[in-house]
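What follows is a set of notes on a single structure, which appears directly below.
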Amino acid sequence: MKPWENGVLRVSGNHRYLQNGNVPFFWLGDTAWLIFANLKEQETYDYLKNRAAKGFNVIQAVLVYATPELSDINKMSVKDCDHGSLSYWEHCDRVIDMAEELGMYMALLPSWGSLVKWGVINNENIERYGAFLAERYGNRKNIIWLLGGDIKAAAYRPVYDTLAAILREKTHDQLIGFHPFGRCSSTMWFADAEWLDFNMFQSGHRRYDQGSLGSWDDNAVKDGFFGEDSWRYVLRDRELCDKPTLDGEPSYERILQGLHDKTQPYWTAKDVRRYAYWSVFAGACGHTYGDNSVMQFYTEESEGVTYGAEDYWQDAMHHEGSGQMGHLKRLMESVDFRDGIIRDDLLVNGQGEKYERIAVFAGKDFLFAYDYLGIPFAIDLSRYAGAELWYFMPATGVFSYIGRSGGGCYHCRPPRCYDENSDIVLVVKE
């Protein structure tokens, strides 16, 4: 069943989550930034079919990533820059049709942020472009708008406010968000914006010890730095703005740690699982996964900055992390997560630091506790006496029954792990 068949996608009554009609909607996104420009239509369908089968329900993509005269300002190569051609937009139409057929939303970025930064899209032409987009896609069932595109919006807020106003006026029941610069959030510029339906942050691609690299994207000192603690963005967003939020760009699978230095290791499937569970169990309304090769559709013809991409996208779309994201979605959909909140207070011995964090998310009849290292911990289950206890394996999606809760303090001792997949979730369900 396609999600919009349950009703229009909207914000839940408690302002923390999304839902179709009265059915909870867990955003599971994939970053496919260059899908419109870099893929042929059969390739596009193969990719979308792969993602739909794995449970993804949102594809984040850029309509205009580069233009011929300014293509050098972007970091990744683009095969097709002919955005003035009707044939290009007809191609975009067919891609959106494919996603609709497969039951997926397209979260469309009207442009990458660099085109606004360099004035290609500006105060003089934004109304015309916004009206064009609204006329072409305003009645589509499977469209979410993402303004921005890896940009700090402070100097360009009039452009984005104007574009958002046009989309809000001329489209029908389509949500609007904003994709920000690395280690930033839309709350930094639009916490008071009436047009913004949900917030999005980009926790980024850096380790705890990579707070300041002196690179083009270095903003650690000015904007704060949470390292790998993606859950902190959720708490900050919820404090600043009473709207849903999610991580729209965490560390990609198989991208260099820190992005720029090829001597550094790569982020792995286990890392991307940690980012997902930490932010979702802190109250995010979903999560967006990414793969380094897939987000740019890397091939032997790719040029420019590729962030250490090694596998062609046709191989990379099978990387294990992409399949494991669906396990989280199914776990969340097994309960009504809309009443769930972060419950670190239930940890008897307090919260751990960094990788020793036990991420606790609980509602009236369930509790999830994500343990990245698989270390013992104690948790107060007084509220859950008699509930079933399970171990859930994020790497495989397997549930393993433990028994029933006796109430009070439960000493969780995860089974010993003999491979690198030590992360585990204690599941408590009434």
Side-chain angles (χ1 to χ4, degrees), residues 2-4 9 11 17-20 24-36 44 47-63 95-96 98-100 102-109 112 142-150 174-180 182 185-186 197-205 230 233-234 237 243-253 255 269 272-273 275-280 283-297 313 316-317 319 321-333 337:
K2 298 173 183 178
W4 46 85
L9 186 63
V11 175
Y17 296 100
L18 302 176
Q19 58 189 50
N20 288 105
F25 178 81
F26 182 83
W27 175 307
L28 185 60
D30 189 29
T31 42
W33 298 133
L34 302 185
I35 189 172
F36 294 114
T44 299
Y47 160 76
L48 292 174
K49 179 76 171 180
N50 177 281
R51 275 5 193 185
K54 291 177 178 177
F56 289 94
N57 52 20
V58 180
I59 302 298
Q60 296 176 195
V62 187
L63 288 169
V95 172
I96 295 169
M98 292 179 198
E100 182 177 356
L102 293 166
M104 293 189 293
Y105 286 96
M106 295 293 297
L108 298 179
L109 281 73
W112 203 239
N142 67 325
I143 298 296
I144 300 168
W145 294 105
L146 278 184
L147 311 190
D150 207 37
Q174 295 174 341
L175 297 183
I176 304 176
F178 185 93
H179 177 271
S185 172
S186 54
D197 294 302
F198 62 94
N199 284 297
M200 178 174 281
F201 57 91
Q202 182 187 160
S203 62
H205 310 275
S230 58
Y233 291 94
V234 180
D237 279 2
K243 294 177 182 178
T245 191
L246 77 151
D247 195 345
E249 189 175 330
S251 293
Y252 294 144
E253 188 169 8
I255 200 168
V272 300
R273 296 198 303 269
Y275 277 98
Y277 283 81
W278 274 2
S279 65
V280 169
C285 66
H287 187 73
T288 296
Y289 162 86
D291 183 284
N292 184 25
S293 294
V294 173
M295 63 94 177
Q296 57 186 301
F297 295 100
W313 72 267
M317 71 176 180
H319 284 163
S322 65
Q324 293 163 349
M325 292 296 101
H327 303 330
L328 171 59
K329 179 170 174 272
R330 286 187 288 274
L331 176 64
M332 296 298 290
E333 291 178 341
F337 56 81

Over all atoms of both residues, closest heavy-atom pair of [X] and [Y]:
X      : Y      : result
Leu146 : Phe198 : CD2-CZ, 3.9 Å
Ile59  : Ala32  : CG2-CB, 3.7 Å
Met98  : Leu48  : CB-CD1, 3.7 Å
Ile35  : Ala61  : CG2-CB, 3.5 Å
Ile96  : Asn142 : O-ND2, 3.3 Å
Leu246 : Gly286 : CB-O, 3.6 Å

Using salt bridge (Lys or Arg N to Asp or Glu O under 4.0 Å) as the criterion, list what pairs up with [X], not counting sequence neighbours.
X      : value
Lys54  : none
Asp150 : none
Asp291 : none

Please name all residues satisfying side-chain hydrogen bond (donor to acceptor under 3.5 Å, both in side chains) with [X], sequence neighbours left out, ordered by chain then number.
X      : result
Tyr277 : none
Ser230 : none
Glu100 : none
Asp30  : Tyr47, Arg51

> So, Thr288 and Gln60: side-chain donor and acceptor under 3.5 Å apart, yes or no?
Replying inline: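 Present: a donor and an acceptor within the cut-off.
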> Is the closest side-chain donor-acceptor distance between Ser251 and Tyr275 under 3.5 Å?
Replying inline: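 Per modelled atom types, Ser251 and Tyr275 side chains form a pair under 3.5 Å.
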May I ask you to decide if [Y]'s main-chain N or O and [X]'s side chain share a donor-acceptor pair within less than 3.5 Å?
X      : Y      : result
Asp237 : Ser185 : no
Asp197 : Ile176 : yes
Glu253 : Asn292 : no
Ser186 : Met200 : yes

Rounded to the nearest 0.5 Å, what's the gap from [atom1] on [X] to [atom2] on [Y]? Could you check?
X      : Y      : atom1 : atom2 : answer
Lys329 : Phe26  : NZ    : CZ    : 8.5 Å
Tyr233 : Gln202 : OH    : CD    : 8.5 Å
Tyr289 : Arg273 : OH    : CZ    : 11.5 Å
His327 : Leu28  : NE2   : CG    : 11.5 Å

>> Checking Leu63 against Leu109 for the side-chain contact (heavy atoms from CB on, under 4.5 Å) test, could you report, in this order, the C-alpha distance in whole Å, the side-chain angles of both residues, the deciding distance, and whether it holds?
In response: CA-CA 6 Å; Leu63 288 169; Leu109 281 73; over 6 Å; no
> Which residues pass the ring-ring contact (aromatic ring centres under 6.0 Å, His included) test with Trp112, sequence neighbours left out?
Replying inline: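 Partners of Trp112 under the ring-ring contact (aromatic ring centres under 6.0 Å, His included) test: Trp33, Tyr65, His179.
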> Who pairs with Phe36 by ring-ring contact (aromatic ring centres under 6.0 Å, His included), at least two apart in sequence or on another chain?
Replying inline: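 Result, ring-ring contact (aromatic ring centres under 6.0 Å, His included) vs Phe36: none returned.
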Are the side chains of [Y] and [X] in contact, using a 4.5 Å heavy-atom criterion?
X      : Y      : value
Tyr252 : Thr31  : yes
Leu34  : Met295 : no
Glu249 : His205 : yes
Leu108 : Ile143 : yes

>> As a quick check of understanding, evaluate side-chain contact (heavy atoms from CB on, under 4.5 Å) for Phe25 and Val58, giving each step before the final call.
In response: CA-CA 11 Å; Phe25 178 81; Val58 180; 3.9 Å; yes
All side chain to side chain contact (heavy atoms under 4.5 Å, CB included) counterparts of [X], not counting sequence neighbours:
X      : answer
Lys243 : Leu196, Asn199, Cys241
Ala276 : His287, Met325, Leu328
Val234 : Phe201, Arg238, Thr245, Ser279, Ala282, Ala284

> Is there a side-chain contact (heavy atoms from CB on, under 4.5 Å) between Val280 and Trp27 once you walk through the steps?
Replying inline: CA-CA 10 Å; Val280 169; Trp27 175 307; over 6 Å; no
>> With ring-ring contact (aromatic ring centres under 6.0 Å, His included) as the criterion, how do Trp4 and Tyr105 come out once you've worked through the C-alpha distance, each side chain's angles and the decisive distance to 0.1 Å?
In response: CA-CA 9 Å; Trp4 46 85; Tyr105 286 96; 5.1 Å; yes
